[in-house]
Amino acid sequence: MSAADWSADEMMTVAAARQLRDGTVCFVGIGLPSTAANLARVTHAPGLVLVYESGCLGAKPDRLPLSIGDGILADTADAVVSVPEVFNYWLQPGRIDVGFLGAAQLDRHGNINTTVIGGSYADPAVRLPGAGGAPEIAASCGEVVVIVRQSRRTFTGRVDFVTSVGYGTGPGDRARLGLRGGGPRTVITDLGVLEPDPATGELTLTRLHPGVTVEQARAATGWPLAVADGLTTNEPPTPDELAALRALQATLKATP
Amino acid sequence: MSAADWSADEMMTVAAARQLRDGTVCFVGIGLPSTAANLARVTHAPGLVLVYESGCLGAKPDRLPLSIGDGILADTADAVVSVPEVFNYWLQPGRIDVGFLGAAQLDRHGNINTTVIGGSYADPAVRLPGAGGAPEIAASCGEVVVIVRQSRRTFTGRVDFVTSVGYGTGPGDRARLGLRGGGPRTVITDLGVLEPDPATGELTLTRLHPGVTVEQARAATGWPLAVADGLTTNEPPTPDELAALRALQATLKATP
Amino acid sequence: MAKIVSLADGIAELVHDGDVVALEGFTHLIPFAAGHEIIRQGRRGLTLVRMTPDVIYDQLIGAGCASRLVFSWGGNPGVGSLHRFRDAVQHSWPAPLELEEHSHAGMANRYVAGASGLPFAVLRGYTGTDLPRHTATIRTVDCPFTGETLTALPALRPDVTVVHAQRADRVGNVQMWGITGVQKEAVLAARRSLVTVEEFVDELTPVPGQVVLPGWAITAVARVPGGAHPSYTQGYSVRDNDFYRDWDAISRDRDTFRAWIARHVLTTEVPA
Amino acid sequence: MAKIVSLADGIAELVHDGDVVALEGFTHLIPFAAGHEIIRQGRRGLTLVRMTPDVIYDQLIGAGCASRLVFSWGGNPGVGSLHRFRDAVQHSWPAPLELEEHSHAGMANRYVAGASGLPFAVLRGYTGTDLPRHTATIRTVDCPFTGETLTALPALRPDVTVVHAQRADRVGNVQMWGITGVQKEAVLAARRSLVTVEEFVDELTPVPGQVVLPGWAITAVARVPGGAHPSYTQGYSVRDNDFYRDWDAISRDRDTFRAWIARHVLTTEVPA
């Protein structure tokens, strides 16, 4: 398929879905992560376990949920537990393989800001929603996948506020802080994929979406973006992936 | 009714049941406490709330349960919760008005031993079941009612092991220890009723069952038993109380 | 045994100016009608506590009821920002709003500690984030066995918690099911509590996934059919997703917001 | 996804000599058949963990499987003492039994801490009792906000937890209902877990009061109809109260006990 047949957001969602191996347990937020996780479930990963912070373990929605507490999640879950339980018994002990996070700002070491931008904490230029479940998802999941549209405003040298820790100021920081999860192993954008350099913990461009250039990625990154030696190009969405994704998204419009 | 018509154990159970005011919340162990609480519920206290440590809140069994985890308790409860929840959300914060406890040894300050008698802890003469829920029931309930048959072996000057704290070594000890509940306000035996002297915290004979003498009570007490100035005699079981109690006890034999 | 009250009486008796008030409900069962009654009765100086201050808290904040917010995520779920919340934080309109900011895991554990009669909660959380720089109620505690340092948070003890549930029986035993979030903990952590329900029934037939709160652990219950709208009540109503989307435009402008409150909250018992 | 195994294979693979083993079930759903299989396979040097070591632990102790017991109440519920437990403590027969003694509240919270990935639990408990004099795993911790001193206990992390449940589906999701005690916490606190079930079904129809343990959080599931006898399985069997009464006489004498084990455990898969 050519780039004219799919959007950058569709490519981003498909790339995120591909990241999820069948049988793994995934902590899912609403929006792109939920779309990607449900796409994986209806394509290559039927045994993917979706955990929503509203307490739904093993939800199997037949349409995209409109919120993290959508009734379809409780109706189709293996178990519905309390919110304290989902954080204490399921997330905190490291039972979740993959956590999905979005970001308003993301820095070169994968630290995430969803709290305030500009000004000071007490008097910010922009007040964002805040932490939600993110700090502990970032701390405790086996690995974190960040899905975020790439721009110089979002991809910044240093986040204004560390809401969720990636690699801190570099390698060793997670261990020093006692964070048990692996941190952000993959950042999926509308331009490509970034992964941390094992030596420096710095997010490095490792894959581009079809039709995107390194220059475009650099122009959308607020720090001097390193490019991996083995830079590859993602396969475009297959017709099956695209059909499944669009069918899922059509369910959003069909829900009252 | 005359003493010939009822046993000392029946009098003890009836006296314990009378202690329970309608509408109060009562933490119930199996055996005499459960019998007394259920007797209260079918006589003067239909709104008594029975909480069993197996997690059954508001159980309304139509027969005496044979164990703390009898299915009849779950079947008739307002809510069945986990064992951690019953201790953490219900007992610990002081939501229970009355806790019932038994004792293998009880001392003059209402401290209870259900752990070891004689010898040392490591090499005891008699190994008893241990604490169960008792230490926290004794600590956290609004008040504690102890039901125990009175004898010099059981009513001892100093318990061999403090499993559950009454008034420690005297007034002020509970406050010093940070215990929030009121402690043992009533000890009901087959001979009468003991209550703590407000000044000394020492268990004092305040009521006798019909036909029992102070001398009998003193002979069954391992410390010089103080007798309250206003010593009274309990009303004997009414025919209604006795009929209800015997009907309840008949259900025990009817259960396979 | 809970007292059966009208919504207006329940709010009048249980929610006072200056109180610490928690309205909980995780997307599902959000007690909107009770929030509107608080606005109607003109409460001021409230400390509002809630994991996910969404549209209902946007309304309370915009209506000037709150002076302080204890929270972990403030947004319009699936839509975007809360404009009244932003306006209060960024421009102190209609009044300054002090923030005490936590994470979901932290807020949930603070309620658990409150419900458990403990002064603090222990968790693995916040480490390495900037939250402890700005939130005074985040400290550490060392494990007395391993020496490991963990995060400690003070218990939440609201003066009053308000939740919505499917139904109650005549003595105020409350039954809820579906996503029940942190409601049990929020009610048990509070000094007083008010539960709004869709209906009273003679007997609470058991339902899979139910949470039952005994009447003797609740202060008051009020019948408020549709009391969660535009949130939903599983088995009774569906979420009014259009309203959440529409709220973005309604709340963006101060005058549009005030007009909406005047028309839909101040002049009616339950918004249409 | 849990592995579906036979009881014999499950015990052989998951329970090793010297392990810390928890068999939980609060009067209801006690995994007797699994305990008998541990006796048949001749495990030695186990640390047995259980809130209420009752008849099943009396049997394991008398059969010589245990060298250590972590518990809060050891008796035959509604009947009296556990004679094998007493004999082991008082006369080291058939082997010395080291005790680590707690209260119910303490044990429950230790499982909760284990299930939560925390090194310790905080509670109001034990204060003023003689338990801390004899149990090394009872310490204190100060609230970093109020300064109040509370009790701290180390998390329980059994090598393996075994529980019994009503049923499981084909991928090992387990469903239990009725009194479910501390089983969820005991399973989640353990490094490995085995669940015996009455039956496998294609679909776990929701049941009021259910606890569902996802298959991916369990190591193995074995079908063992009647696996809780003489305890009971709500919806499947009633408690064999006569057996509990009879156990008093059977267990009082060493030879009678040995004969009973030889006849009812060593020579059969599941006792009649």
Side-chain angles (χ1 to χ4, degrees), chain A residues 30-31 52-56 65-71 73-75 79-80 82-88 91-92 111 113-116 119 121-136 138-140 159-165 168 173-174 176-180 255-256, chain C residues 25-29 51-53 71-78 80-82 85-86 88-90 99 101-109 111-112 123-131 133-134 148-150 177-185 209 211 231-232 234 238-242 244:
Chain A
I30 218 64
Y52 287 82
E53 68 188 9
S54 52
C56 299
L66 281 162
S67 71
I68 212 142
D70 195 313
L73 300 176
D75 288 342
V80 182
S82 73
V83 164
E85 179 177 326
V86 80
F87 284 103
N88 289 348
L91 178 63
Q92 182 167 268
N111 303 300
N113 175 16
T114 56
T115 304
V116 285
Y121 175 77
D123 186 17
V126 183
R127 174 67 229 193
L128 301 164
E136 288 75 27
S140 296
V159 290
D160 294 350
F161 188 102
V162 179
T163 312
S164 306
V165 179
D173 261 19
R174 289 188 69 88
R176 185 179 55 74
L177 292 167
L179 306 178
R180 299 178 153 202
T255 310
Chain C
F26 209 85
T27 307
H28 181 215
L29 293 176
M51 290 182 64
T52 54
F71 78 111
S72 41
W73 191 88
N76 183 344
S81 295
L82 293 176
F85 162 64
R86 273 196 168 182
V89 175
Q90 297 176 203
L99 299 185
E101 189 161 2
H102 283 270
S103 71
H104 278 357
M107 288 290 286
N109 276 292
Y111 279 124
V112 169
L123 76 158
R124 299 185 184 280
Y126 302 82
T127 315
T129 76
D130 283 338
L131 283 161
R133 289 187 218 276
H134 302 284
E148 195 181 354
T149 300
L150 294 126
W177 63 88
I179 291 167
T180 53
V182 74
Q183 282 99 301
K184 179 189 271 190
E185 288 75 13
V211 166
S231 163
Y232 73 106
Q234 188 137 339
V238 296
R239 191 168 187 262
D240 186 351
N241 293 304
D242 285 343
Y244 281 88

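- Ranking Gly25(C), Gly178(C), Ser103(C), Pro53(C) against chain A, the residue ahead of the rest is Ser103(C), based on heavy-atom pairs under 4.5 Å.
- When each of Gly133(A), Cys56(A), Ala122(A) is scored by its heavy-atom pairs under 4.5 Å with chain C, the top score falls to Gly133(A).
- Heavy atoms closer than 4.5 Å to chain C are found nowhere in Arg176(A), neither backbone nor side chain.
- Chain A forms more heavy-atom pairs under 4.5 Å with one residue of Thr149(C), Val112(C), Asn109(C) than with any other, namely Asn109(C).
- Counting heavy-atom pairs under 4.5 Å between each of Leu179(A), Thr163(A), Asn88(A), Asp123(A) and chain C puts Asn88(A) at the top.
- Per-residue counts of heavy-atom pairs under 4.5 Å with chain C were compared for Gly31(A), Gly178(A), Gly168(A), Ala125(A); the largest is that of Ala125(A).
- Between chain C and the residues Pro135(A), Pro84(A), Gly130(A), Ala134(A), the largest count of heavy-atom pairs under 4.5 Å involves Pro84(A).
- If you take CG on Asp75(A) and CD1 on Ile179(C), they are separated by 8.5 Å, rounding to the nearest 0.5 Å.
- Heavy-atom pairs under 4.5 Å with chain A peak, among Gly209(C), Ala108(C), Ser81(C), at Ala108(C).
- The closest side-chain heavy-atom distance from Val83(A) to His104(C) is not below 4.5 Å.
- Qualifying side-chain hydrogen bond (donor to acceptor under 3.5 Å, both in side chains) partners for Glu101(C), counting only residues two or more places apart in sequence or in other chains: Tyr121(A), Arg127(A).
- A donor-acceptor pair is defined here as one N or O able to donate and one able to accept, closer than 3.5 Å; such a pair exists between the side chain of Gln92(A) and the backbone of Arg124(C).
- With sequence neighbours excluded, the residues satisfying ring pair (Phe, Tyr, Trp, His ring centres under 6.0 Å) with Phe85(C) are Phe71(C).
- Contacts between Glu53(A) and chain C at a heavy-atom distance below 4.5 Å involve backbone atoms as well as side-chain atoms.
- For the options Ser231(C), Ala105(C), Gly78(C), Gly125(C), heavy-atom pairs under 4.5 Å to chain A are most numerous at Ala105(C).
- Ranked by heavy-atom pairs shorter than 4.5 Å toward chain A, the options Thr52(C), Leu131(C), Leu29(C) are led by Leu131(C).
- Residue Leu91(A): no heavy atom, backbone or side chain, is found under 4.5 Å from chain C.
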**Request:** Please step through side-chain contact (heavy atoms from CB on, under 4.5 Å) for the pair Val165(A) and Thr127(C), ending with a clear verdict.
**Result:** CA-CA 8 Å; Val165(A) 179; Thr127(C) 315; over 6 Å; no
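- In terms of heavy-atom pairs under 4.5 angstrom with chain A, the leader among Leu82(C), Val182(C), Asn76(C) is Val182(C).
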**Message:** The test is side-chain contact (heavy atoms from CB on, under 4.5 Å); show your working for Ser67(A) and Arg239(C) and say whether it passes.
**Reply:** CA-CA 10 Å; Ser67(A) 71; Arg239(C) 191 168 187 262; 4.1 Å; yes
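- Looking at Val126(A), the atoms closer than 4.5 Å to chain C (heavy atoms on both sides) sit in the backbone and in the side chain alike.
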